[in-house]
Structure formats: C-alpha cells, structure tokens
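A, B, ... follow the sequence lines: proteins, then strands. Residue 1 opens every chain. None of these values were measured; they are calculated from a predicted model. Any value given below was found using the heavy atoms of this structure, including those in side chains, with hydrogens, waters and symmetry copies removed.
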Amino acid sequence: MDFRFDTDQLALQAAVRQFCADLLPLSAVAGRESVAADSSIWQGLAGLGVLGMLGDEGDATGAVEAAIVFEALGAHLCPGPVLWSTITATHIEGAGDGSVRVTGIEAVSTGPIVVPHAGESSVLAVVRDDQLERIDIADVGPAAPGASIDPLTPMVGYAALPAGQVIGDAGDVEKVRRLGRVLSAASLVGTAQGALDTARAYALGREQFGRPIGSFQAVKHLLADMYVRVELARSSAYAAAATLVDPRAGNADRSASAAKVLAGEAAIANGRAAIQILGGMGFTWDMLPHYYLKRAWVLENWFGSQAVHARALADAVEADTEALGAA
Amino acid sequence: MDFSWGERNEAFRREVRVFLAEHYPPDLEETVYRTGVSHDDGFVRALAERGWVAPGWAREGHRVLDRFQQHILKTEMTRVDAPTYALETTIMVARVIDKAGSDRLKADVLPRVLRGEAMIALGMTEPDAGSDVAAITTRARRDGDDWIVDGQKMFTTNAHITDFVFLLVRTSHDKPRHKGLTTFLLPMDLPGIETQAVHTLSGERTNIVFLSGVQLEDRWRIGEIDGGWSALMLALQDEHSAAFSPHLSRLIEEVEAWAANGHDDRRPLDDPDTRVRIARWATALEVGELLEARTVWMESFGRVPIAEGPMSKLFSTEAIVRAAEDLTELVGPDALRSKLDPSAVQDGRIEHALRFSLGTTIYAGTSEIQRTIIAQHACGLPR
C-alpha cells in the first residue's frame, strides 16, 4: 500500500498544471463562455498525451493519471468535450490524437436530447445500456433552441437522433461508464478545489471591520468545511481510479459510486460556499464562484447523480447483507 | 391565541390575487425575466391607483392598510415575483425623508413618490464596504452652498432607471467612522454620474455607479450633516419583516405541479421519496410563514423584532437554498433547463429558484451577520 503519486505521475501533474496556467488562465474565463475550446487548447491536450492516455488493451491503464489530469482541468474550468473524447478514444479513430473532437450522451428514454459541446464536436458517442454507438454530428437533424445553465458547457438540443453506427458492446459500455464516473468525479474534485482556492484567496484579501474576513470564525468554519469536503472527495476519487486499474484493491463499481456521491456533494456545496464567502460579489457574473457551481451542477448529472449512485450503493449493501444471511 | 388570518384578511388576499392576475400577465413576467429589472411603470401606476404604493402611509384621501394587510400584499406580490423591487427601495427611502428630510425636500419628492411617479434606488454599499457599511469612502466636500461628490457605489440595483439614488457619503474624516457620514437624495440626471450594469446569478441586473465631481445642492441633503448613520438605521428598520417565504412557496407549487403530472402512467407523487421531500419543504414553508407573521404581529403593537427578524430571514433563506437544491435533485437533470428553453420543466421556474436562492442568504444582511445579531440580541452573548 502506498498513497503517494510516483515520480511520473507527479511530473504529469506538474505539466498539466503548467498547461492550465498557460492556456486556461482563470482571469480570462469570461472569454471562453459559449464558444468552442480554442484549437491551441486541443493541440496542447493532444500534445500532453491526455486525449489518448487511457489504455486500449481493454483494461483501465492510465485511469489514475487521467484522474490527475481531470482534477487539474476541473480546477481551471476547462472548456470543450475533453472528458468524452478521452473516454471514447479507444473506440473512435482520431479522438486520441486530437484530430476529432468527440462529445457524448447517455441515452435517455424520454424528454429532449441535450448534447453538450455539440457545436464544436464532429462525432457524438451515444451510450446505451446494451451498446455504444457513434453518430456524425453533421447527420443530426436541426437543433432546437436551448440554453445551458453553464456558460462554459454550451448545449444543443435536438428533437431526435438518427440511427447510430454500433462501435461497442455491453462490455464496452460498462468500461466507458466506469471511466466516465471516475473521471467526472475527478473533474468535480477539481471544481470543488477551485471553489475553495477562490474563496480562500478572497477571505485573505477582503477586509471588513478592519481585518481580513478570513479572520472571522463564521468565515473560517465555512472554509474548513470546504477543505474537508474536497479532501474526502479527492481520496475517494483516487481510490476509485486506483481500483479501476487494479481490481484487487476493492470493488470498482462501489468505489466509483462512492466517488461520484462525495465529489458531487463537495463541488456543489463548495460552489455555494464560495458564493457565500464572496458575498454580494460572489453572486455576480464578475467573479469565479458561479462558474464553479454551474459546472458542478452539470457534472453532477453526468454518469449518474448523487441520488443514482447512493441507490446503487444501497443495492450493493443489500446484496452483501443477503449474502451474509445466506452464509 | 389565534393563529388564523381571519376572514377579512383572507378576503383581502383574494383581492390582491385578482389584481395580480389582471396586472401581472405572463408577457410582463417574461419581460421582467429577460431584462432582469424588477420594475414596470405600468404595474406601479396600477398599484398607485389602488392605493397600494406605500399602503401603510397615512395621508389624505387614502385607505391605509393595517400591518397585517400590508404583509399580505407584500407576500402575494413576492409569491408571483411581481416587479416591485424599485418600489420597495423607493418607499424605504421615502420613509427616511418623511422622518428626517427638510420640508422642502418632502414637498419636492414625496407627492411624486406616493403617486408612483418617482423611483429611488439604494446607494449605501461600495466595492470595499459591504457588511461593514461604515467603511465607505465615497466623499462629499463643501463647495460654497453645494457639495462635490466623488466615489463609487455598488449594488445600486435599478439605478439605471430610477430618478434618484439614496446616497450615503463621508463628510468628515476626523470623527469616528460612523459619525462622519451624511445621506443625500442624488438626482440621477446630474453631470458626473455613470452607471454600469453588473449581472448576477439570479439574472437580476444590478449596477455600479461612478460619481466624479458631481455637484449636488445642499437641498438634497437628508437629515443633519454627519448624521447619516441614524438616517441609515431608519432605512434599515424596514428590513426586519422582509418576506422570503413566498419564494419557497412558489418553488414548492412548481414541484407539486411537476409531481402530480403523469409520465408513462406513473406520477412522481406516487413515489414515497417525492412525498417525503415535498412534505419536508412544505413544513419549512409553514414555519417560515409563521416566523414572518410573528415579526409583523410584533410590529403591529410597536415592538421591534430585533432578533426575530434576523431569525425569520435566516430560516427562510437557508430553507430556500436547501429546498432548491433538494428539489432540483428530485426532478433530475431536466430541472436545470431555463425559461429560455421551450422544453424547460415548469417553465424554468425550478431552475430559476436554484440560482435565485443563492443570493437570499447574502443580501439584506448575510447569514453570518444574522447569526451574529441573534447571538448578541437573543442569546445575550458579547459583541
């Protein structure tokens, strides 16, 4: 047992953080609203090896490294369909080297079809329970008007989708979903951390009643709770990633569900707390907290919400209890 | 002891609902939503015709509403999100002018205000002075009989459409912080005033106002020079009985309507989880309404709800935040589509509640400030 990152992983983390500082400065986030991720971002991600980093041997090689990447990208509110392109790269040619941007959805039986990042993607991956499909965005019918709650995750609504080309079976679906859960959880950890960093910096700099507001216990306690939430969520997300790579470490599905529950809770609660700590300014579009909270609301609903995963965990506990009873 | 509103008040509530159905049609609601401006001249004129602009204000030829009916009027308007915010700030300031203003200022301003023809925004907060309002640095210095004003005011909601801004400025630098302040009524058509939009999470537009070398006649002063703190306290008294529970009421109604509709032969309301969640928030709503009624009841016989007001605000606003999060989770991803999306669930009102809720624990005194007041005034703890 070793909870540390190895030297390669630390080097990767440093490289991705540098990439974020250079190409995704938080000071310029407003300029990335409602537009495609700049081609320099996509080339940079391909250059870092991010998009093609997940193993194509049918296993989950690279999941921990991917979690490191998505945590950092989450903290910088990375635009574009990076998550979908990465988790479908072994199934869709060109996704891994960055020549094709892939977005995706989990098929729903009712309601309108809302596709994130459709405007900048050329391929849509559709995850159904029994198979994985690909649809060329060019073949999808006219878009319906719509508005995304998150300005950094533009959405396009469609009335219907054409038939897709089958590119994976139920086993492939399961792998894509597992990666999606763990890496959306890692993104949520980054989101929660970004909200904490923003709130902490403000609490140190903002003075009221003659001292920094971070010196007031009411504010300190909010920040301490934010810290605890993000630490719990991070541990859980990396445990889930490590378990995907090495199933001997535990139950991959259960740890992924736990990570999604804790990371969703951390990101949403930290987004809210950051708004509260920045006060009136936190409620405006001029500051960062609203971006973190809106991104958290979007990711919360990808690959199963907290409620969905809490139910999955309850089912697992029930199965364990029954097994104990039978033994 | 009697917890009922009584038939007379219930009849009044029905009267208000009929008025709102007539004067706040869906197209006006749509305009208010899209512009983020909670004011409409026509709506305020209609209120004025009913005598519902400043309904508690005794004056000739005007039917005064008692404290309970004022509360009913306010809660019914809040429940449908009627465009009354500019009017609320206007009346808040008009009361200060009535109590502390010169006879000339009263004669110049109050008749227009009471006819619903002049609007006033608040200009207390500054970029570096939020909760700590005594830290303001906008200054007015004497220039003969006039004043020259320089500085910035933040969260001056509606200042881009109002006739005046209630301005708190520093007039003395050699006194304790809160003793060197003065209040003025600033006409917004004076040279040197620039108003810039600031957009917020709820969609409401607020403003930052830049003041550079604004020449202001002394007749616009409200109260004594360096006596601004007491004028400010007069203004803030009105916030004790602010009604936040109607926002929770609106949210619960939308979720109930969603839950009662069938999808594939199943209604969400048949699911015990749905019922438990709705029941929990309906309970919170009832408590919130009662806490508000309690502050109104106290005020009806002249008591200031110094801890009860903050308790009511704290409870209702934190309930709205948690309810919006919980009920959004209940409805699922569909709840996140906004009113601007034709396929939005319940016309996007759940999504709006989710965003709107987050400001309620911040403005009119943050939850942290409310807890501090309660600790001090209800629990008797030291400052």
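At distances below 3.5 Å, at least one donor-acceptor pair connects side-chain atoms of B:R250 with backbone N or O atoms of B:T78. Although no hydrogens or angles enter the test, the distance criterion places a donor-acceptor pair under 3.5 Å between the side chain of B:T274 and the main chain of B:P268. For the pair B:R355 (side chain) and B:L201 (backbone), a donor-acceptor distance under 3.5 Å is present. Of the possible polar contacts, none joining the A:R181 side chain to the A:S257 backbone as a donor-acceptor pair under 3.5 Å is found. A donor-acceptor contact shorter than 3.5 Å is absent between the side chain of B:E194 and the backbone of B:V209. A side-chain donor-acceptor contact under 3.5 Å links B:N261 to the backbone of B:A257.
For B:F315, there are no ring-ring contact (aromatic ring centres under 6.0 Å, His included) partners, not counting sequence neighbours.
Ranked by heavy-atom pairs under 4.5 Å with chain B, the list A:M155, A:E207, A:R206, A:M281 is led by A:R206. Per-residue heavy-atom pair counts under 4.5 Å with chain A were compared for B:A344, B:S131, B:A134, B:S367, and the maximum is reached by B:S131. Note on B:T372, B:T366, B:T361, B:L354: by heavy-atom pairs under 4.5 Å with chain A, the leading option is B:L354. Heavy-atom pairs under 4.5 Å with chain A peak, among B:T328, B:L336, B:L358, B:T206, at B:L358. Taking chain B as the reference chain and counting heavy-atom pairs below 4.5 Å, the highest number among A:G280, A:P289, A:S305, A:A307 is found for A:G280. The candidate from B:G348, B:A129, B:G332 with the greatest count of non-hydrogen atom pairs under 4.5 Å with chain A is B:A129. Per-residue counts of heavy-atom pairs under 4.5 Å with chain A were compared for B:R337, B:E325, B:R177; the largest is that of B:E325.
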Next on the checklist: Between B:H352 and B:Y33, is the ring pair (Phe, Tyr, Trp, His ring centres under 6.0 Å) condition met? List the steps.
Outcome noted: CA-CA 10 Å; B:H352 180 255; B:Y33 184 92; 5.6 Å; yes
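Contacts of residues 290-301 of chain A with chain B at a heavy-atom distance below 4.5 Å involve A:H290, A:L293, A:K294, A:W297, A:N301, listed in sequence order.
Between B:V198 and A:W285, the closest side-chain pair of non-hydrogen atoms is not below 4.5 Å. Between A:F216 and B:E368 the shortest side-chain heavy-atom distance does not fall below 4.5 Å.
Contacts of A:M287 with chain B are absent, with no heavy-atom separation under 4.5 Å from either backbone or side chain. For A:V114, the part lying under 4.5 angstrom from a heavy atom of chain B is the side chain only.
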